[in-house]
Amino acid sequence: MSKSANKHNRIYMTAEPISEQFALDIESGSVTSKMEPKVFIKTLVDNYDFDKQDAQRLWAFGPDGEGPNVIIDATKGCQFMNEIKDSVVSGFEIVTTSGVLCEETLRGARFNVEDTTLHADSIHRGAGQIIPASRRVCYASCLLSEPKLQEPIFLAEITCPQEVAGNVYSCLAQRRAIIEIEEPIEGTPLTLIKSFLPVSESFGFTAFLRSNTAGQAFPNCTFHHWDELSGDPLVEGNQVYEIVKTIRKRKGLKENVPLVEHYMDKL
């Protein structure tokens, strides 16, 4: 829960993850807010286990109205919701563009506006009051819903002669890569090795691979998917926490992630 600066408005919100398939379908453009309303609601209910009422009251995708995050009006009998909708969505857009952990784009989050207490006079619940409160309550609900880091993964297709395949495997193992398949290329002495390589490990990978295979291996990397890093970024002493700290330091932010109390107000 967060209050507006004038203390006359309160917004209560929760956050939860959406399914990976839903996020992928939003990114591919097969689910958009531009769909016909009846088709859109039926798609959400049938394919992604949405409650019909939630599907009808989905306010926006974000960031930029088309990203893999959603905000839903889950309130019951609250007044003036249509008036503050744009302001709350603006706060949601800010949060999805720069997340709470290290100000990177958010992915796969669902925000539910659970309840609101708003001032009866419209002057006291303008955008200047609601947007900052909406932003803060989104950040607080993010921190309370066990956020995780995701890293992009390349599909690395490496063409090399059969005799240096062992060297390629050892190079990939040193770079946290997962071997997907190895298949010989028909009619040639070459073999094709497909593997999933974290993008963070791909810097200098081509030179590293060629130096270990006498220049006989040729990698080709294309983006494939996002993968969740195991570990809690809010608990000190694991690799993910250190990654978050490094990113925040590089961006000139405070090294530690802000506490929930920084964003959440007391009643």
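Quick caveat, the model's predicted, so the values are computed rather than measured.
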Can you name the one residue among H8, H119, E83 that meets side-chain hydrogen bond (donor to acceptor under 3.5 Å, both in side chains) with R125?
E83

For [Y], is there any backbone N or O sitting under 3.5 Å from a side-chain donor or acceptor partner on [X]?
X    : Y    : answer
T117 : R10  : no
S145 : S141 : yes
T188 : L190 : yes
Q129 : N6   : yes
S30  : D25  : yes
Q162 : P189 : no

Would you say [X] and [Y] are hydrophobically clustered, going by side-chain heavy atoms of ILVMFWY under 4.5 Å?
X    : Y    : answer
Y12  : L143 : no
I178 : F154 : no
I179 : I158 : yes
L118 : M13  : yes
L229 : L101 : yes

Return the set of residues passing salt bridge (charged side-chain N to carboxylate O under 4.0 Å, His left out) with K42 (not counting sequence neighbours), or none when no residue passes.
D46

Knowing that exactly one of I71, T14, V137, I84 qualifies, which makes a side-chain contact (heavy atoms from CB on, under 4.5 Å) with V113?
I71

Does anything in [range] pair up under side-chain hydrogen bond (donor to acceptor under 3.5 Å, both in side chains), and if so which pairs, sequence neighbours excluded?
range            : answer
residues 66-77   : R57-D73, R57-T75, D73-T75
residues 215-241 : Y241-N256
residues 203-212 : none

I need the minimum non-hydrogen distance between [X] and [Y], along with the two atoms involved.
X    : Y    : value
L106 : A109 : CD2-CB, 4.0 Å
S87  : A127 : OG-CA, 3.5 Å
V31  : F40  : CG1-CE1, 4.0 Å
I153 : P198 : CD1-CA, 3.8 Å
P63  : T105 : CG-CG2, 3.8 Å
V100 : C142 : CG1-CB, 3.9 Å

Please tabulate, for side-chain N and O atoms in residues 49-56, each donor-acceptor pair with protein atoms closer than 3.5 Å (sequence neighbours left out).
{"from": "D51", "atom 1": "OD2", "to": "Q53", "atom 2": "N", "distance (Å)": "3.3"}
{"from": "D54", "atom 1": "OD2", "to": "R110", "atom 2": "NH2", "distance (Å)": "2.9"}

Can you find a pair of side-chain heavy atoms, one from [X] and one from [Y], that are under 4.5 Å apart?
X    : Y    : answer
N9   : F80  : no
N167 : C160 : no
S2   : I11  : no

With sequence neighbours excluded, residues passing side chain to side chain contact (heavy atoms under 4.5 Å, CB included) with [X]:
X    : value
R135 : I94, V95, Y139
E36  : V39
A74  : N112, E114

Can you confirm if the NZ or CZ of R175 lies within 45° of the ring axis of F205 and under 6.0 Å from the centre of its six-membered ring?
no

Show the numbers, then the answer: is there a side-chain contact (heavy atoms from CB on, under 4.5 Å) between F196 and L155?
CA-CA 5 Å; F196 293 128; L155 172 65; 3.7 Å; yes

Exceeds 12 heavy-atom contacts within 6.0 angstrom, atom [atom1] of [X]:
X    : atom1 : result
E16  : CD    : yes
I185 : CD1   : yes
E146 : CD    : no
L144 : CG    : yes

Set of ring-ring contact (aromatic ring centres under 6.0 Å, His included) partners for Y48, sequence neighbours left out
F22

To the nearest 0.5 Å, what is the distance between OG1 on T213 and CD on E163?
10.5 Å

Residues forming a side-chain hydrogen bond (donor to acceptor under 3.5 Å, both in side chains) with E27, sequence neighbours excluded
R107

Inspect the contact between K251 and E103 and indicate whether a charged nitrogen and a carboxylate oxygen are less than 4.0 angstrom apart.
no

Is R248 paired with E255 through a side-chain N to carboxylate O contact shorter than 4.0 Å?
no

Can I get a per-line list of side-chain donor-acceptor pairs under 3.5 Å for residues 257-267, giving both atom names and the distance, sequence neighbours left out?
{"from": "D265", "atom 1": "OD1", "to": "R136", "atom 2": "NH2", "distance (Å)": "3.2"}
{"from": "D265", "atom 1": "OD2", "to": "K3", "atom 2": "N", "distance (Å)": "2.6"}
{"from": "D265", "atom 1": "OD2", "to": "R136", "atom 2": "NH1", "distance (Å)": "3.2"}

Output every pair passing salt bridge (charged side-chain N to carboxylate O under 4.0 Å, His left out) with a member in residues 195-207, not counting sequence neighbours, ordered by first then second residue.
R176-E201

